[in-house]
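Throughout, numbering of the chain's residues begins at 1 and tracks the sequence. Since the model is a prediction, treat every value here as computed from it, not as a measurement.
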Amino acid sequence: QVQLVESGGGLVQAGGSLRLSCAASGRTFSRYAMGWFRQSPGTERRFVAGISWGAYTINYADSVKGRFSISRDNAKNTVYLQMNSLKPEDTAVYYCAARVAGVVESHTEYDYWGQGTQVTVSS
């Protein structure tokens, strides 16, 4: 089992920045690929960014490329999502997720999920 807890969400004006953190506990964190997803009311959960266990593979959704950056610190069992140049359309609940195999963009392929953290971007 892996337990995931997100933090760092909040209210920010358009153009601002936030840094989300996802702290993991349980089994060896470094064995897991990690993903960030987001979900707005009435929409399905969508891939934002993913990072492999050793950070050799990093993927981003087209909508966030050049603005968001995913990273991980295996010594601290934590994955981060740095979000810059935020837009109102980035408003959503952000979730981190873990899976044993490599990075994929389908939320159905992830085994463990956090509870989510709300990000609200005002115009």
Side-chain angles (χ1 to χ4, degrees):
Q1 280 283 38
V2 175
Q3 292 79 43
L4 303 173
V5 178
E6 302 95 337
S7 62
L11 174 64
V12 64
Q13 289 187 333
S17 298
L18 283 174
R19 188 195 196 199
L20 304 184
S21 299
C22 174
S25 59
R27 293 189 175 181
T28 307
F29 173 74
S30 62
R31 295 180 181 177
Y32 290 84
M34 300 297 296
W36 284 99
F37 292 79
R38 64 188 182 187
Q39 188 170 22
S40 303
T43 69
E44 66 177 11
R45 198 164 294 188
R46 294 183 177 179
F47 176 80
V48 174
I51 186 168
S52 62
W53 67 270
Y56 301 114
T57 300
I58 294 177
N59 294 341
Y60 296 99
D62 288 343
S63 59
V64 306
K65 282 181 181 176
R67 301 188 298 123
F68 290 12
S69 177
I70 188 172
S71 61
R72 66 190 296 162
D73 186 336
N74 288 341
K76 295 182 178 179
N77 286 2
T78 303
V79 63
Y80 305 97
L81 185 67
Q82 178 67 43
M83 305 187 295
N84 299 327
S85 302
L86 282 161
K87 304 175 181 180
E89 51 263 45
D90 294 318
T91 296
V93 177
Y94 283 71
Y95 299 89
C96 70
R99 69 190 302 266
V100 174
V103 175
V104 296
E105 298 189 6
S106 172
H107 69 277
T108 63
E109 299 296 321
Y110 285 77
D111 303 306
Y112 304 102
W113 291 87
Q115 293 300 307
T117 185
Q118 176 71 46
V119 171
T120 303
V121 184
S122 63
S123 57

Please answer whether the main-chain N or O of [Y] pairs with a side-chain N or O of [X] as donor and acceptor at a distance below 3.5 Å.
| X | Y | result |
| --- | --- | --- |
| Glu6 | Gln115 | yes |
| Asn59 | Val104 | no |
| Tyr60 | Gly66 | no |
| Arg72 | Ser52 | yes |

According to a hydrophobic-cluster definition based on side-chain heavy atoms being under 4.5 Å apart (Ile, Leu, Val, Met, Phe, Trp, Tyr only), do [X] and [Y] belong together?
| X | Y | value |
| --- | --- | --- |
| Val2 | Trp36 | yes |
| Met83 | Val121 | yes |
| Val93 | Tyr112 | no |
| Phe68 | Phe47 | no |

Item checked: Verdict with supporting geometry, Lys65 and Asp62, salt bridge (Lys or Arg N to Asp or Glu O under 4.0 Å) -> CA-CA 5 Å; Lys65 282 181 181 176; Asp62 288 343; 3.1 Å; yes
Next item on the list: Classify the side-chain pair Arg99/Tyr110 by whether it contains a donor and acceptor separated by less than 3.5 Å.
Entry: no
Check: Can you tell which of Lys87, Arg46, Glu89, Arg38 makes a side-chain contact (heavy atoms from CB on, under 4.5 Å) with Ser63?
Finding: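 One option only clears the test, and that one is Arg38.
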In Å, rounded to the nearest 0.5 Å, how long is the span from [atom1] of [X] to [atom2] of [Y]?
| X | Y | atom1 | atom2 | answer |
| --- | --- | --- | --- | --- |
| Ile51 | Cys96 | CD1 | SG | 12.5 Å |
| Leu81 | Met34 | CG | CE | 11.5 Å |
| Gln1 | Ser25 | CD | OG | 10.0 Å |

Pairs of donor and acceptor atoms involving the side chains of residues 9-24, under 3.5 Å and at least two apart or interchain, shall be tabulated with distances.
{"unit_1": "Ser17", "atom_1": "OG", "unit_2": "Asn84", "atom_2": "OD1", "d": "2.9"}

Do you know the tightest heavy-atom contact between [X] and [Y]?
| X | Y | answer |
| --- | --- | --- |
| Ser40 | Thr43 | O-OG1, 2.8 Å |
| Trp53 | Ser30 | CB-O, 2.8 Å |
| Thr78 | Phe29 | N-CE2, 3.7 Å |
| Val100 | Asp111 | N-OD2, 3.8 Å |

Notebook entry, point to check: Relative to each other, are the rings of His107 and Phe37 parallel, tilted or perpendicular (30° and 60° limits)?
Noted result: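 Perpendicular.
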Next item on the list: May I ask you to test the Tyr95-Leu4 pair for a side-chain heavy-atom distance under 4.5 Å?
Entry: no
